Each structure stands twice: as structure tokens, then as C-alpha cells.
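This structure is a prediction, so every number in the text was calculated from the model and none was measured. We're numbering straight along the sequence, starting at 1.
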Amino acid sequence: MIKSLVLLTSALLLGAAASPPEPLSIPVTIAASVGDHQSGRLIVFVERVDPGAKPSASVDFNAFAPTTATITAREVIDLRPTVAAVVDAETDAFPRPLSTLPRGKYRLQAVLDRNHDYAYNGRGPGDLISSVETVTLPGPIPTLTLNSELPATESAPRADLAPYYAKVRPVDFQSTLLTAFRGTPTSIRGWLALPPGYDGKTPFPTVYSDGGFGSTLGSAKRSAANMIRLMADGKAPPMIWVYLDHSVGTGTHEFADSANNGPWGTALTSELIPALEREYTMDARPSGRFLTGHSSGGWSTLWLQVRYPKVFGGSWPTSPDPSDFHDFTNIDIYAPNANFYTDAAGKPRPLIRENGKVIANMVDFARSEAVMGAYGGQITSFEWVFSPRGRDGRPVPLFDRATGRIDSSVAAYWRDNYDIANIIRRDWPTLKPDLDGKIHLTVGTADTFYLDGPAHRLEAVMRNVGARTDFRYLPGKTHFDLYVRGDDRDALLKDIAWEMYAVARPDAKRVN
């Protein structure tokens, strides 16, 4: 009898220990002072209190350390001060449900991303935020109140650029093609930098440049001001530079014609460029039109050269996003049973490295992006550019967000339409007369996102078809210091500018 009671008691204790933790949720409301009837993506950030560290003014996500903060979110369509929105902290939470966090003190903050662009470059003007609350988990979670609106701010220009901001000229061209596709007025925007001595009579070579993921119209303006400075100092040759903004609500459109984003490449080449050449005295020949860009901008300017080889006289992409999808940041999307998250051995695929060490993997990056929102993130941005359009009006996902399983039919669509290496291999006889020798690609051997891998693959494809190639791999350089040489943060930019100028003006000599 005593033995039976002991066994029963042990069984009950084991059952209690194995029972799942109580699910948690986070109530969020809004202060009347910041308005009524608000909608958007409601995101809550949770981080453990580090007793040895000075707490920051906010709690936020860091893509280079994606698991340090827990995030959970939901959509709200009519948030009011009188009713709290309950954010489920279990199902749509990353990297783990809130109820499974270790016991301890945590800091919480809520953000209402009103225009769904958090996944592109974080919280920004117009977003509503709560104060930071400290709680002990497990334990009760107080209602977070969205009580302030982030103001519209423009960061002060670097001191050396301030005199040149007034000299840049806006580009704001409403496209007939894009407007028809979207059903609403749509413009191609950017900033234009004119060279010293521009008089409206003498034609100048023109460079079209595109920013990386996270770039904005503001960063394009900064780049234009910097180029005016370099040309004024004689450190860059006299050319017209058009700095384009390719950011949209879905991420970056990359100036590719897309079933989802619309005909951005056609609009650029058939509408904007002719309009600019009517307004400014540009060297309106292929040998006077050039392309350059970094990261996602590197992919777009590589793509434009391959897609429109008769229009442009050369492209100088730096650290471009994958140009051969056999290596889509360490993923062969065409492999049998391909998985976006893990390799054949089940190991997480590395995504970000620093000093030779993996600091973020693909599964963490993709799942955190999915929690932050359906729009604007790097991975969903690729799908908006590369994928076919689904029945719901959205791009068909390349992979299942829960399992990482890649849809082979979508991968085939990506290959046939946007895999640059495949297009060059397939269409080289047609492309060769107008493309051969026009691609000049630079990437670091320690690129933060492993983008040297697909560059090597693209080079191999081009060599196999007999193309003239100019691929440069800078030893030890990462994604973020590629342009730096010694104390000169614009060294590579100057090299590229002078190489372009030598194509347009073969008799000119570099003076700086």
C-alpha cells in the first residue's frame, strides 16, 4: 500500500513537471494624446536585463544578433485608447515563446509600425512607441501604452558635405508605365549631381547609381552631395551622377520588371533616361552611360547591364546580391529537396559572418523577419522581385516559413527569369555583341553575407562561355569596408569613377 502511494505520488510529480508553461500574452493600448483609430503592425520587443550593462533608451531588434531580443507581433486595424489589443506571445514569437524564457527580469517595449516598413529599416517617423517597462518573468505583464509618436527628423549632413547639399537636384519623374501598373501615380525618384563646369552645352558622361537594402531617398541625397564634393576637389572626373532610390513598400524593386512590383526596368530605360537626356546635356550614347551600385544596388546595376546591354556602356557592381542562385547566400535553391534553413546534414545555414565567425543564420533571420511583418524585409523583398504572382495578389513564397522547404516550381521561375548567371549561359550568343567586357565586379573575400561565393560562380559561367571578365576579390574586405583604403573611405568609388571616364573619354588621364 505504501509502495503504491509512493509510485502514485511520483507519477503525479512527474506529470506536473512535464506540464507546459502557461501561455502568455501582452496587452497593448494607446494613449488618447497620440490619436484614435490607429492601424499597423504592432510589435513587442522583450530583452533580458543584464545587471552589468547600462540599459539603452529602447528595446529593439538587432539583425547581427537576432536572438538577443524576443519579438512578437500582430496586425491591428482599429486600435483605440478604450480597448487593449492582446498580442499573442506564444505562436507568432521569435526566437521562442515568451512563456519559455528563463526566469528573470526583462524589459519590454511596444511599437506600432503604422506604414509597415519596420522590416526594411526599423522604427521611423510616424511610428508610435510605448515607454520601456521592466517585469519579472514568470509573472504578470502590465499593459503597455503607446504614448509617443516618433518625429520626422533629418539627420544633419556630415560637416564636409553640408555645403554641397544645396547643389544636388531632385529627380521626381512620374512614370506612365508604373502608374498604369499600380493604378496610382508612381514616380522614379532620386538626386542628381552635376559636375563643375556644367553649362548646359557640353555633354557629360552619366552614371546611374543605386543604393543597397535599407537605402532611402535621403541616403541617395547624401551620396549625390558626396560626389559633388569629390568632383569639386578634382578627386573624381567630371560626370553627371543620378542617384536612384529603389525602396518601395515591399522592400527594394531593384529596377527589375516584376510580376509583383511592376515594370521598373522598362520605366527607367524607356521613360526616365530619355527624359533626363532631354533636360540635361548628357552623353546620350551607350559609351556615355554607366551603372554602379552596392549590395542590392549592385545586383540591380548588374541586372540592368545584362537586361539592357545596348543601353549602357558598362556596369561596376560592388558586393552584389546573389547573381547565381546555385549559391543564394549558401543555398542551392535548385538542389533536390532543397531547404532554405538547413543543409543536407540538418545544420543551420550561415548568413552573416564577422571576423571569420558566424553570427547569424538563415533560419533566425527569416523567422524574425516573418514576425516583424509581411512587407519590406530582405527575404520577402526578393520574393516580390523574383517570384510569380499568386492568386492572392502577392508573390508566391520561395519556401515554407515554418519548415524552410523550397518550392521547386518557384525556384525554376527564379532561374528562368532572374538568375543572371543562367541568363548569360543561356543567352550568350545573343548578348555577346553588346555585353562582352562590360561587367566589372568587385567583392571582398570576407564579405559579411558570403557574396563572394556567387560572384565566383558568375565569373566561372562567363569564362565558360568565352566572355571577357573583370572580377576583383579584395583580400579580407567585408561588405561594409569594401570602399575603404587606408584613411580614404571613398577610394574604390574614385577608382570606379575614373575607370568609367576612361571608357567615355579614352584620351583623358586620371589626375587624382
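- The shortest heavy-atom contact between Asp332 and Ala338 is O-CB, 3.6 Å.
- In this structure the side chain of Ile273 reaches within 4.5 angstrom of the side chain of Phe312, judged on heavy atoms.
- A salt bridge between Arg485 and Asp495 is present, with a side-chain N of the basic residue lying under 4.0 Å from a carboxylate O of the acidic one.
- Partners of Ser215 according to the side-chain hydrogen bond (donor to acceptor under 3.5 Å, both in side chains) rule, which considers only residues two or more places apart in sequence or in another chain, do not exist here.
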Begin from the C-alpha positions of Thr478 and Asp447 and carry the test side chain to side chain contact (heavy atoms under 4.5 Å, CB included) through to its verdict.
CA-CA 4 Å; Thr478 73; Asp447 185 84; over 6 Å; no
Check against side chain to side chain contact (heavy atoms under 4.5 Å, CB included), Leu192 and Val168:
CA-CA 6 Å; Leu192 188 141; Val168 301; over 6 Å; no
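- Heavy-atom neighbours of Arg505 CZ from other residues, nucleotides or ligands within 6.0 Å: above the threshold of 12.
- Residues Ile439 and Thr469 have side chains not in contact (no heavy-atom distance under 4.5 Å, counting atoms from C-beta outward).
- Within the model, atoms NE2 of His246 and CG of Leu268 stand 12.5 Å from one another, a figure rounded to the nearest 0.5 Å.
- For residues 180-213, the pairs satisfying ring-ring contact (aromatic ring centres under 6.0 Å, His included) are Tyr120-Phe213, with sequence neighbours left out.
- Checked by atom type, the side-chain pair Thr318/Thr442 shows no donor-acceptor distance below 3.5 Å.
- Judged by distance alone, the side chain of Arg415 and the main-chain N or O of Ile333 form no donor-acceptor pair under 3.5 Å.
- Under the ring-ring contact (aromatic ring centres under 6.0 Å, His included) criterion, Tyr334 pairs with His326, not counting sequence neighbours.
- Remark: Arg426 CZ is packed, more than 12 non-hydrogen atoms of other residues, nucleotides or ligands lying under 6.0 Å away.
- Here Arg349 pairs with nothing under the salt bridge (Lys or Arg N to Asp or Glu O under 4.0 Å) rule; sequence neighbours left out.
- Taking Glu149 as the reference, Arg114 meet the salt bridge (Lys or Arg N to Asp or Glu O under 4.0 Å) condition, with sequence neighbours excluded.
- Sorted by first and then second residue, the ring-ring contact (aromatic ring centres under 6.0 Å, His included) pairs with a member in residues 375-413 read Trp299-Phe386, Phe325-Phe386, Phe328-Phe382, Phe340-Phe399, Tyr341-Phe399, Phe382-Phe386, Phe386-Trp414, Phe386-Tyr418; sequence neighbours excluded.
- The side-chain hydrogen bond (donor to acceptor under 3.5 Å, both in side chains) check on Asp113 picks up nothing, with sequence neighbours excluded.
- A donor and an acceptor atom, one from each side chain of Gln174 and Ser187, are nowhere located under 3.5 Å apart.
- Side-chain N/O atoms of His116 and Glu75 include a donor and acceptor closer than 3.5 Å.
- Between Leu474 and Thr445, the closest side-chain pair of non-hydrogen atoms is not below 4.5 Å.
- Between Arg74 and Asp92 there is no side-chain heavy-atom pair separated by less than 4.5 Å.
- Val242 is not listed as a side-chain neighbour of Val207, based on a closest heavy-atom distance of 4.5 Å or more.
- In summary, the side chains of His479 and Ser295 do present a donor paired with an acceptor at a separation below 3.5 Å, with no hydrogens or angles considered.
- Here the CD-CZ distance, from Glu369 to Phe94, works out to 11.0 Å after rounding to the nearest 0.5 Å.
- The main-chain N or O of Thr176 is never found under 3.5 Å from a side-chain atom of Thr179 such that the two would form a donor-acceptor pair.
- Proximity of Trp316 to Leu302: side-chain heavy atoms (C-beta onward) are nowhere separated by under 4.5 Å.
- Counting only N and O atoms by type, the side chains of Thr301 and Asp210 include no donor and acceptor under 3.5 Å apart.
- The two residues Val371 and Ile71 make their nearest non-hydrogen contact at CG1-O, 3.8 Å.
- With sequence neighbours excluded, the residues that form a side-chain hydrogen bond (donor to acceptor under 3.5 Å, both in side chains) with Asp60 are Tyr118, Arg123.
- Using modelled atom types, one side-chain atom of Arg289 and one backbone atom of Val311 make a donor-acceptor pair closer than 3.5 Å.
- Side chain of Asp481 to main chain of Val484: no donor-acceptor pair is present (N/O by atom type, distance under 3.5 Å, no hydrogens or angles).
- Judged by distance alone, with hydrogens and angles left aside, the side-chain atoms of Thr186 form a donor-acceptor pair with the main-chain N or O of Thr184 at under 3.5 Å.
- Ser247 meets the side-chain hydrogen bond (donor to acceptor under 3.5 Å, both in side chains) test with Asp245; sequence neighbours excluded.
- Contacts classified as ring-ring contact (aromatic ring centres under 6.0 Å, His included) and involving residues 482-512 (residues at least two apart or in different chains) are given here: His294-Tyr483.
- Nearest heavy-atom pair across Val410 and Pro388 is CG1-CD, 4.2 Å.
- Looking only at distances, no side-chain donor or acceptor of Glu383 sits under 3.5 Å from a matching main-chain atom of Val396.
- Atom NZ of Lys235 has 12 or fewer neighbouring heavy atoms from other residues, nucleotides or ligands inside a 6.0 Å radius.
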Working note: Tyr308 + Thr266, criterion side chain to side chain contact (heavy atoms under 4.5 Å, CB included); need CA distance, chi angles, decisive distance, verdict.
CA-CA 9 Å; Tyr308 305 97; Thr266 301; 3.5 Å; yes
Residues 451-459, side-chain donor-acceptor partners within the protein, below 3.5 Å, at least two apart:
from   : atom 1 : to     : atom 2 : distance (Å)
Asp452 : OD1    : Arg353 : NH2    : 3.0
His456 : ND1    : Tyr473 : OH     : 3.4
Glu459 : OE1    : Tyr473 : OH     : 2.7
Glu459 : OE2    : Arg463 : NE     : 3.3
Glu459 : OE2    : Arg463 : NH2    : 3.0

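- Taking the side chain as every heavy atom from C-beta outward, Phe45 and Val111 approach each other to under 4.5 Å.
- Two residues are said to be in side-chain contact when any heavy atoms from C-beta on lie closer than 4.5 Å; Thr216 and Ser219 meet this criterion.
- By the 4.0 Å N-to-carboxylate-O rule, Glu499 lies too far from Arg510 to be salt-bridged with it.
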Determine whether Asp490 and Leu230 satisfy the following criterion, side chain to side chain contact (heavy atoms under 4.5 Å, CB included), listing intermediate values before the conclusion.
CA-CA 9 Å; Asp490 294 316; Leu230 292 176; 4.1 Å; yes
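- Atom-to-atom distance recorded for Met231:CE and Asn226:CG is 10.0 Å, nearest 0.5 angstrom.
- Formation of a donor-acceptor pair under 3.5 Å by the Arg389 side chain with backbone atoms of Gly393 is found in this model.
- A donor-acceptor pair shorter than 3.5 Å can be found between the side chains of Thr250 and Asn261.
- Within the structure, every pair that satisfies the ring-ring contact (aromatic ring centres under 6.0 Å, His included) test and touches residues 258-286, not counting sequence neighbours, is listed here: His253-Trp264.
- Under a 4.0 Å N-O distance rule, the pair Asp199/Lys201 does not qualify as a salt bridge.
- Using a cut-off of 4.0 Å between Lys/Arg side-chain N and Asp/Glu carboxylate O, Asp434 and Lys310 are scored as salt-bridged.
- Note on Arg472 versus Asp470: salt bridge recorded, some NZ/NE/NH1/NH2 to OD/OE distance being below 4.0 Å.
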